[in-house]
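Report on the structure given below.
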Amino acid sequence: MQKCRCFIKVLINDKEVSRTGVRTLSSDFTIRFGEIFNVQIVQWPLNIKLQVFESGAFNNMIAEVFLPIPDTRMTSDVVELEEIDFSSDHKRSYNHSAVGCGYTVELGEGDSVKHVTPLTSGSIVSSVAWGVGDDNRPLIPPESLNPQDIKMQHRYDALSALGAGGVIDIEKLSNWINDARLDPNDPVNANIIHSVKMLRGGDGNQSHIPDFFRLEQLQEEFNFVTDDDLALSKRFKMIEYRQKEIPEFRNIKFVPCQEKEIQDDIFKAYELRKQKEQEGLVSADMDPHRAAVAKFLGKVRQQVMARFLAAQHQFSLEDVVNEEAVPNIGLLGGNILKLAEPRRPLRPQRKERKTVTAQNLAGLDVNILINIERAFDIPVRSSAISSESGSSQTTQNIVRPFVEVLFQQNKKQTSTTEGPNPNWNEEIAMPFKAPNNDYSSTNLQSVNDLIYLNLFDEVLIDMLQDNRESASTVHRRVERRWLGSIQIPFSTIYFQGKVTYNLLLLLCFDSRLLKQF
């Protein structure tokens, strides 16, 4: 008995509105559901029924019970439970000694044998009533929509008779038109009669129902342009190519709103590239078999690239949510052990940066970090020997070096220090912009930009003509004298990730200029 599990469906106008939970048959052959369903309706119901099902791998309906539609005075505060009997003629047999149902069996012995066909039967205790509102009035549909009025409305209103799905179904609509016998001279029925004429054959009686189903009946009326005009639209083609992530269009952020604002030769580069690819696949000296294989490999390559681009749009949780990992016992134990490790402030350990995929770089600020530490043995300049009052004196040898970094039309420099052995230890962040804002591996490998490191000497020249004004006036000119430079290709930094240089600058000057240093 514990294997027998049942539930009940509640249907209004042959549509399921709710169902009970699955319950097990008790030892006294009863099932207690104890559930109340609140259903809001806007029209008077045609029928209310309950369907009893036996739960299992396949739900089997045992019986169907119709409940009476309550009177308008029957509300939830005065209704009483009513017992309704039911029986079912479905057949059930067992391998053991159980009788089953739906099959004729013999009861008794000898002359008192009786042929009995047991049926599955029982009773349902339920009630149906109207709800009560806050003003103590029953929540019932308008009185004009009683069952008789609904039947009359179904005769003249296809939507109420067939429903929204029935109106779209051409076969049901055609059958309803034949049964309703609509007046063809009534202007109200003009649209429906026109639909009937479209479905009729040449004799006016045969109905031709198409075998296909059209989801949007009026789709053609909402097509503002034809398919040919859409195919010739340059703006739509740009949007389509950008969505397919074609290299020439995938980084276009703004598409003009009007066709005249788009250049006529914007697709020329893409067409030339496609033509070169086709010509590169097949050469003139290839036999037909090799040419067919080359074309097939080209199609396979395009499919692989399409799948690769689709995989780039699949984000993981780490790509979307940037948060620290939830601490566990292992992490806490590791942090405790770090407290006992020797600390070396003068030699800190570099923390590894989180790897960022190329698909997440679009729209972000990307910088190249350049750390300039120090320099050795920079040549000093020697000031000119001046003669005053027949005596000569030489000022102190000095140099004021600084490093200037140039990359992609951006320029930054370190601070200016004094002496031939400066120690800058500064980090310069140079902005990097990929061509077409495309940070894919293929595009980054094609970047040919160079990083220029220029060493200058800053010279301060006093512009005062009269030394008597030096105590109250400062007038100087700042000059930059180039000492040397190096060039670092971007491709070297990209492939190696980190580059450390100990560079030797070869400073070559004219012999006349060397006298000033």
Side-chain angles (χ1 to χ4, degrees), residues 1-103 105 117-142 145-147 150 160 162-166:
M1 294 177 58
Q2 295 180 354
K3 295 182 180 180
C4 182
R5 299 166 58 85
C6 301
F7 65 93
I8 297 178
K9 290 183 179 181
V10 181
L11 292 89
I12 298 179
N13 294 345
D14 297 329
K15 295 181 180 180
E16 180 182 354
V17 295
S18 185
R19 65 172 62 185
T20 65
V22 180
R23 300 288 188 273
T24 305
L25 185 67
S26 61
S27 58
D28 56 350
F29 295 95
T30 59
I31 298 177
R32 181 177 179 82
F33 294 100
E35 298 184 22
I36 299 176
F37 302 102
N38 298 322
V39 181
Q40 182 180 3
I41 59 177
V42 296
Q43 295 181 356
W44 200 278
L46 294 179
N47 56 67
I48 303 175
K49 62 182 176 180
L50 304 177
Q51 292 180 349
V52 184
F53 282 83
E54 181 181 1
S55 179
F58 300 96
N59 297 329
N60 299 321
M61 188 175 67
I62 300 176
E64 191 174 56
V65 180
F66 284 85
L67 301 181
I69 298 177
D71 189 17
T72 55
R73 294 170 295 177
M74 186 65 65
T75 58
S76 57
D77 54 351
V78 298
V79 69
E80 296 181 357
L81 295 176
E82 183 180 359
E83 185 175 349
I84 302 176
D85 297 332
F86 69 89
S87 62
S88 175
D89 57 353
H90 79 288
K91 297 181 180 181
R92 176 66 64 86
S93 61
Y94 301 95
N95 297 328
H96 47 79
S97 59
V99 177
C101 60
Y103 295 95
V105 296
T117 304
L119 300 176
T120 301
S121 60
S123 60
I124 296 178
V125 180
S126 63
S127 63
V128 182
W130 301 106
V132 180
D134 297 336
D135 54 355
N136 295 327
R137 298 182 60 182
L139 302 176
I140 59 176
L145 295 178
N146 53 43
I150 293 177
S160 61
L162 303 177

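Of all the heavy atoms in C6 and I62, the pair that sits closest is SG-CD1, 4.3 Å. For the pair F86 and A63, the tightest heavy-atom approach, listed with the atom from each and the gap, is CD1-CB, 3.3 Å.
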Can you list, pair by pair, the side-chain donor-acceptor contacts under 3.5 Å of residues 45-52, counting residues two or more places apart and other chains?
unit_1: N47; atom_1: OD1; unit_2: N13; atom_2: N; d: 3.4
unit_1: K49; atom_1: NZ; unit_2: D14; atom_2: OD1; d: 3.1
unit_1: K49; atom_1: NZ; unit_2: E64; atom_2: OE2; d: 3.0
unit_1: Q51; atom_1: NE2; unit_2: E64; atom_2: OE2; d: 2.8

Name every donor-acceptor pair, under 3.5 Å, that has one atom in a side chain of residues 35-42 and the other anywhere in the protein, sequence neighbours excluded.
unit_1: E35; atom_1: OE2; unit_2: G21; atom_2: N; d: 3.1
unit_1: E35; atom_1: OE2; unit_2: R23; atom_2: NH2; d: 3.1

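Here D71 pairs with R73 under the side chain to side chain donor-acceptor pair (under 3.5 Å) rule; sequence neighbours left out. For S123, the side chain to side chain donor-acceptor pair (under 3.5 Å) partners at least two apart in sequence or on another chain are E83. Judged as a side-chain contact (heavy atoms from CB on, under 4.5 Å), and not counting sequence neighbours, the contacts of T30 are S26, D28. For D77, the side chain to side chain donor-acceptor pair (under 3.5 Å) test picks out T75, with sequence neighbours left out. Under the salt bridge (Lys or Arg N to Asp or Glu O under 4.0 Å) criterion, E82 pairs with no residue at all, not counting sequence neighbours. Judged as a side chain to side chain donor-acceptor pair (under 3.5 Å), and not counting sequence neighbours, E80 has no contacts.
Once rounded to the nearest 0.5 Å, the distance linking CG of L81 with CD1 of I124 reads 12.5 Å.
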(message) side-chain contact (heavy atoms from CB on, under 4.5 Å) for V132 and S76? Distances and angles first, verdict last.
(response) CA-CA 7 Å; V132 180; S76 57; 4.1 Å; yes
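Ring geometry for F53 against F7 counts as parallel: the plane angle stays under 30°, on a 0 to 90° scale with 60° as the upper cut.
Contact check for V128 versus P68: no side-chain heavy atoms found under the 4.5 Å cut-off.
Using modelled atom types, one side-chain atom of T20 and one backbone atom of I8 make a donor-acceptor pair closer than 3.5 Å.
Residue pairs satisfying the salt bridge (Lys or Arg N to Asp or Glu O under 4.0 Å) criterion with at least one member in residues 118-129, sequence neighbours excluded, are absent.
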